[in-house]
There are 2 protein chains.
Amino acid sequence: MTLPDPGEQARRFIKVREAHRSEVQQDYVELIADLVAARGVARVVDLAERFGVTTATVANTLARLKRDGLVEDRPYRSLCLTAAGTAMAEASRARHDIVVAFLLRLGVSRAVAELDAEGLEHHLSAETLAAMEGFAG
Amino acid sequence: MTLPDPGEQARRFIKVREAHRSEVQQDYVELIADLVAARGVARVVDLAERFGVTTATVANTLARLKRDGLVEDRPYRSLCLTAAGTAMAEASRARHDIVVAFLLRLGVSRAVAELDAEGLEHHLSAETLAAMEGFAG
DNA sequence: AAGCAAAGTTAGCCTTGGCTAAACCCTGAA
DNA sequence: TTCAGGGTTTAGCCAAGGCTAACTTTGCTT
């Protein structure tokens with residue numbers, strides 16, 4: 001039983017923790033973009049329902065997204081992404097689609113593919129994502 | 001652009017949040033088991049070095065693991081897993097190995113496989129894991 | 001145009017998981 | 001045997017991301 005180099009191992013865990021920090025942001029901008037695309041508006045209640053949290057939690061999270069320049073600050077108005085938020089949403093969606101296509105190609109059912117993609121997509125390096133894209137077709 | 005069913009989508013995100021809660025636990029018991037296997041003892045300083053955090057953070061996290069019955073409570077002694085902790089460590093390691101083997105088979109470099117596995121392994125359903133195992137050989 | 005219900009926000013609380021600084025144990029060398 | 005230094009724990013701080021309860025704003029309906 002040989003152990004990895006300590007510094008190398010630490011870098012891996014630090015990377016995972018960094019990914020966690022942007023996960024929520026990516027999920028939010030992606031869902032806001034999808035809602036806007038599908039029905040023209042994204043409301044706080046919709047996000048709360050689709051994330052499975054309360055509207056208070058959504059408001060709390062949106063405050064951070066506004067602070068970070070991803071969402072427009074327009075109280076009591078429909079949600080709206082900034083240019084940076086839109087860019088992040090597009091990147092997230094592209095990656096999400098690759099992961100789902102890959103899992104389907106691997107033989108996983110649609111329901112499970114959509115489920116696992118949600119957790120997986122934030123932890124893929126460019127190299128792995130490229131390999132998945134190639135495999136998916 | 002059609003949106004998923006709200007309840008279905010919520011269940012996905014709830015699942016991801018649940019996975020997050022046990023991630024740290026799994027990483028800790030897995031590393032403790034590896035250290036014990038490789039050198040007989042697992043010390044707080046080793047965990048801190050390999051996770052890339054301070055020893056204070058490790059002590060804090062270990063208090064939760066002890067509370068949850070995964071680690072023996074023996075202050076100032078080498079860390080030691082309970083039966084439950086050992087079982088979790090074995091399951092984590094098996095899953096980790098499958099993911100790494102799968103990524104290597106997919107054509108990803110060893111370094112990136114080890115890196116991505118660390119983030120990926122906590123977000124795989126049984127179905128996807130089985131598919132990966134089959135693909136890996 | 002008024003009033004009410006639904007949507008949104010705010011205040012205050014909790015846990016997790018980071019940190020620093022300081023106190024505390026333990027052990028090996030003098 | 002003692003005591004200095006390294007390993008461990010404790011105390012106290014912070015941000016993220018959950019919650020409930022109470023409040024405000026909006027906008028639909030009458």
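Naming: A, B, ... by sequence-line order, numbering from 1 per chain.
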*How long is the line joining CD of Glu18(B) and C1' of dG17(D), in whole Å?*
15 Å
*Among the nucleotides dG17(C), dA16(D), dC19(D), which one has an atom lying closest to any side-chain atom of Ala56(A)?*
dC19(D)
*Take the protein atom CG of Leu47(A) and the nucleotide atom C1' of dG17(D), then report the distance between them rounded to whole Å.*
15 Å
_Classify Arg77(A) by what it touches in the nucleic acid, base, sugar-phosphate, or nothing, heavy-atom distance under 4.0 Å._
nothing
_Under 4.0 Å, heavy atoms only, any strand: does Val24(A) hit a base, just the sugar-phosphate, or nothing?_
sugar-phosphate
_NZ/NE/NH1/NH2 to OD/OE distance under 4.0 Å, Glu18(A) and Arg21(A)_ = no
_OP1 or OP2 of dG18(C) under 4.0 Å from side-chain N/O of Arg17(A)_ = yes
_Given dG7(D), dG18(C), dG8(C), identify the nucleotide with an atom nearest to the side chain of Val45(A)._
dG8(C)
*Using the salt bridge (Lys or Arg N to Asp or Glu O under 4.0 Å) rule, take Arg12(B) and Asp116(A) through it: C-alpha gap first, then chi angles, then the decisive distance, then the call.*
CA-CA 8 Å; Arg12(B) 285 181 211 152; Asp116(A) 286 10; over 6 Å; no
*Closer than 4.0 Å, any side-chain N/O of Thr55(A) to the OP1 or OP2 of dG8(C)?*
no
*May I ask you to check whether His123(A) and His20(A) place their ring centres under 6.0 Å from each other?*
yes
*asked:* Please classify the nucleic acid contact of Arg74(B) as base, sugar-phosphate, or nothing, using heavy-atom distances under 4.0 Å.
replied: nothing
*Could you check how far CD of Gln25(B) sits from P of dT16(C), rounded to whole Å?*
9 Å
*What nucleotide among dC19(D), dT8(D), dC19(C) has an atom nearest to a side-chain atom of Val53(A)?*
dC19(D)
*Determine: side-chain N/O of Arg64(B) to OP1/OP2 of dG17(C), distance under 4.0 Å, yes or no.*
yes
*Between dT25(D) atom C1' and Arg43(A) atom CZ, what is the distance in whole Å?*
15 Å
*More 5' along DNA chain D: Ser22(A) or Pro75(B), using each one's nearest nucleotide?*
Pro75(B)
*Using a distance-only test with no angle check, is there a side-chain donor-acceptor pair under 3.5 angstrom linking Arg64(B) and Gln25(B)?*
no
*asked:* Rounded to whole Å, how long is the line connecting atom OH of Tyr76(B) with atom C1' of dT9(D)?
replied: 5 Å
*Which nucleotide in the list dA7(C), dG18(C), dG18(D) gets nearest to the side chain of Asn60(A)?*
dG18(D)
_I need the CG-P distance between Leu65(A) and dA16(D), as an integer number of Å._
11 Å
*Reckon Thr57(B) has a side-chain N or O less than 4.0 Å from the OP1 or OP2 of dG17(C)?*
no
_Separation of dT10(D) C1' from Lys66(B) NZ (nearest whole Å)_ = 12 Å
*Which whole-number value in Å describes the distance from Arg21(B) CZ to dG17(D) P?*
14 Å
*Under 3.5 Å, is there a donor-acceptor pair linking the side chains of Glu72(B) and Thr82(B)?*
no
